[in-house]
Amino acid sequence: MNRLWVRLTLAFVLVTLVGVGTVALLADWNASSQFRQYVSRQDEQAQKDLADELSDFYQQRGSWDGVGSAFPPFAPPFGRRPPPGDFRRARPEPLIADANGKVVFDPNGQRLGSTLDPRERQLGQPIMAQARTVGYVEFNNDVRGLIAQPEQIYLDQLRSTLGIAALAAGGLGIVLGLLISRTLAAPLADLAGAARAFAAHDWGRRVRAHGIAQTAEVAEVARAFNDMADALQDAETLRRNLMADVAHELRTPLTVLQGNLRALLDGVYPLERGEIATLYDETRLLNRLVDDLRQLALAEAGQLPLNLQVVDARALIHMTLNKFCAAGESRGIVLSATTGDDLPSVRTDADRLTQVLQNLLTNALQHTSSGDQITLSAEPMNAGAIVRISVSDTGNGIACANLPYVFDRFYRADGSRSVRTGGTGLGLAIAKSFVEAMGGTIGVESQEGAGSRFWFALPAE
């Protein structure tokens with residue numbers, strides 16, 4: 001099966017078997033080797049001990065006569081394997097020679113009277129008496145280091161124990177590998193299930209971003225998925241709200257158009273220029289609403305065409321303000337501008353910046369009355385790194401509860417206003433999108449009954 005937990009389990013099984021097998025083989029080889037070295041050292045020590053005993057014998061007798069009868073263990077069957085059931089370890093057969101290398105004792109009698117060659121003398125243990133070499137003793141090399149039956153039984157039991165331990169460790173490793181692989185794969189299965197649920201428009205589905213079974217990487221993926229899910233859910237909510245708002249805003253002018261046209265067709269109203277002008281105004285309102293929606297959609301999608309260039313902010317502010325002076329004077333509202341002579345230029349789109357200023361001034365005029373003031377100001381901030389432009393008024397102000405929503409589409413703090421009396425409800429949303437598209441920030445400060453101050457900041461050139 002091409003599943004992650006299956007592959008992880010197989011990987012754990014393979015690593016466990018290779019590791020346990022390698023450790024078991026190395027442990028068996030090392031135990032056998034060390035044990036054989038121990039047995040060999042025991043034989044060497046026995047050879048030295050026998051040399052000391054033979055040294056005492058020679059000092060007492062002065063010769064090697066009767067050496068065979070002096071050590072009863074040397075008599076046959078010395079050196080033979082013990083019978084079955086006798087677990088005493090057989091000692092190697094000794095070969096004793098005098099100082100000239102002539103063999104004076106051989107348990108088997110085969111080399112009695114022969115002479116040791118130089119190699120045998122080198123391997124043999126010198127027998128010292130009164131600081132001189134009086135002979136040599138050598139164990140039969142064929143049986144030196146041999147493993148006796150009890151020692152072999154011990155090694156066999158050790159191998160059996162290592163085999164059982166290897167099987168137990170391997171089985172435990174396989175079980176743990178299976179559990180760990182399933183545990184590691186479970187969050188990914190949960191993530192896949194959440195993705196499928198999200199594809200089925202279950203916008204509230206989320207995955208756990210913490211837990212004992214989750215690694216840091218999986219938790220990071222879970223958090224990223226949840227962030228993506230939140231963004232998509234917010235986008236879906238905005239889409240639904242936008243569709244509802246657009247339908248609501250379009251319903252009124254379309255209803256007016258349909259009603260007036262029906263009345264004209266039924267002969268209720270005569271076909272006069274006044275009625276045609278009314279219908280034309282409704283089409284202009286629809287066109288303005290659709291155009292605002294198109295620009296807002298482009299800005300939010302990051303596809304708004306911008307012609308970034310160095311713009312004299314001071315000149316653009318005064319030019320835009322002059323367009324609204326007549327409207328302010330007709331309503332008894334005083335408009336003024338406050339800019340310093342050292343105001344730096346900004347790198348922005350002049351047309352979009354003008355549209356932002358117009359939207360903010362239009363909004364200010366809608367919420368002020370005769371005798372109020374509107375001030376358009378600009379000042380450098382952060383050591384000239386940015387230019388902050390503000391539109392302040394002394395009008396009605398905005399309640400604190402409404403401040404978080406003033407830049408939302410179709411939001412009107414005054415619920416009594418309609419498209420005809422309060423605009424499309426998209427001006428501030430468009431201003432926010434344009435400013436952010438040009439790399440700036442926008443905000444509002446207001447107190448109910450004490451006026452409002454809308455500001456935005458753009459990077460200076």
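When a residue number appears, it is its place in the shown sequence, counting from 1.
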Legend entry - Heavy-atom closest contact (Met438 atom, Asp349 atom, distance): SD-N, 3.7 Å
Inset, instruction - Flag yes if more than 12 heavy atoms outside Gln34 fall under 6.0 Å of its CD atom; otherwise flag no. - result: yes
Legend entry - Residues which pass side chain to side chain donor-acceptor pair (under 3.5 Å) with Gln45, listed by chain and number, not counting sequence neighbours: Asp49
Legend entry - Check ion pair Asp52-Lys48 (N to O, under 4.0 angstrom): no
Legend entry - Under the ring-ring contact (aromatic ring centres under 6.0 Å, His included) test, residues paired with Tyr280 that sit two or more places apart: none
Inset, instruction - Indicate whether the side chain of Arg453 and that of Gln447 have a donor and an acceptor atom separated by less than 3.5 Å. - result: no
Inset, instruction - State, with a plain yes or no, whether a side-chain heavy atom of Lys323 is found less than 4.5 Å away from one of Gln358. - result: yes
Legend entry - Contact check, side chains of Ile386 and Leu458, non-hydrogen atoms, under 4.5 Å: no
Legend entry - Flag side-chain contact, heavy atom, 4.5 Å: Leu257 against Leu286: yes
Legend entry - Trace of the side chain to side chain contact (heavy atoms under 4.5 Å, CB included) decision for Phe434 with Leu306: CA-CA 9 Å; Phe434 283 7; Leu306 294 175; over 6 Å; no
Legend entry - Minimum side-chain heavy-atom gap Arg121-Arg119 below 4.5 Å: no
Inset, instruction - Verify whether one side chain among Ser452 and Ser446 offers a donor that lies under 3.5 Å from an acceptor in the other. - result: yes
Legend entry - Asn322 side chain vs His318 backbone, donor-acceptor pair below 3.5 Å: yes
Inset, instruction - Identify the heavy atoms of Val387 and Pro344 that sit nearest to each other, and give their distance. - result: CG2-CG, 3.6 Å
Inset, instruction - Provide the full list of salt bridge (charged side-chain N to carboxylate O under 4.0 Å, His left out) pairs with a residue in residues 384-395, sequence neighbours left out, each pair given once. - result: Arg388-Glu445
Legend entry - Minimum heavy-atom distance between Ser336 and Leu321, given as atom pair plus value: C-CD2, 3.5 Å
Inset, instruction - Might you work through the side chain to side chain contact (heavy atoms under 4.5 Å, CB included) test for Leu428 and Lys432, ending with a clear yes or no? - result: CA-CA 6 Å; Leu428 293 180; Lys432 180 177 183 295; over 6 Å; no
Legend entry - Pairwise distance CG(Asn226) to CZ(Arg223) - rounded to 0.5 angstrom: 9.5 Å
Legend entry - Straight-line distance of Thr339 OG1 to Arg314 CZ, nearest 0.5 Å: 4.5 Å
Legend entry - Ser433 side-chain N/O to Ile430 backbone N/O, donor-acceptor pair under 3.5 Å: no
Inset, instruction - Would you mind reporting whether Leu232 and Met228 have side-chain heavy atoms less than 4.5 Å apart? - result: yes
Inset, instruction - Please identify each residue that fulfils salt bridge (charged side-chain N to carboxylate O under 4.0 Å, His left out) with Arg331, with sequence neighbours left out. - result: none
Inset, instruction - Over all heavy atoms of both residues, which pair between Phe225 and Ala195 is shortest? Give the atoms and the distance, please. - result: CZ-N, 3.8 Å
Legend entry - Close side-chain approach of Leu361 and Val391, heavy atoms under 4.5 Å: yes
Inset, instruction - Please determine if Arg196 and Asp202 form a salt bridge, counting it only when a charged side-chain N lies under 4.0 Å from a carboxylate O. - result: no
Inset, instruction - Just jot down the side-chain contact (heavy atoms from CB on, under 4.5 Å) partners of Asp342, sequence neighbours excluded, or say none. - result: none
Legend entry - Distance (rounded to the nearest 0.5 Å) between Ile374 CD1 and His367 NE2: 11.0 Å
Inset, instruction - Kindly determine whether Val221 and Val207 satisfy side chain to side chain contact (heavy atoms under 4.5 Å, CB included), including the steps that lead there. - result: CA-CA 10 Å; Val221 172; Val207 294; over 6 Å; no
Inset, instruction - Kindly compute the distance separating CZ (Phe456) from OG1 (Thr441), expressed to the nearest 0.5 Å. - result: 10.0 Å
Inset, instruction - Kindly write out the residues that satisfy side chain to side chain donor-acceptor pair (under 3.5 Å) with Gln125, not counting sequence neighbours, or none if the list is empty. - result: none
Legend entry - Euclidean distance, Leu335 CG relative to Thr375 OG1, rounded to 0.5 Å: 8.0 Å
Inset, instruction - Could you walk me through whether Phe407 and Ile442 pass the side chain to side chain contact (heavy atoms under 4.5 Å, CB included) test, one step at a time? - result: CA-CA 10 Å; Phe407 292 106; Ile442 191 169; 3.7 Å; yes
Legend entry - Pairwise distance CD1(Ile333) to OG(Ser369) - rounded to 0.5 angstrom: 6.5 Å
Inset, instruction - Measure across Asn363 and Phe454 and return the closest heavy-atom pair with its distance rounded to 0.1 Å. - result: ND2-CE1, 3.6 Å
Inset, instruction - List the atom of Val346, the atom of Ala313, and the distance in Å for their closest heavy-atom pair. - result: CG2-CB, 4.2 Å
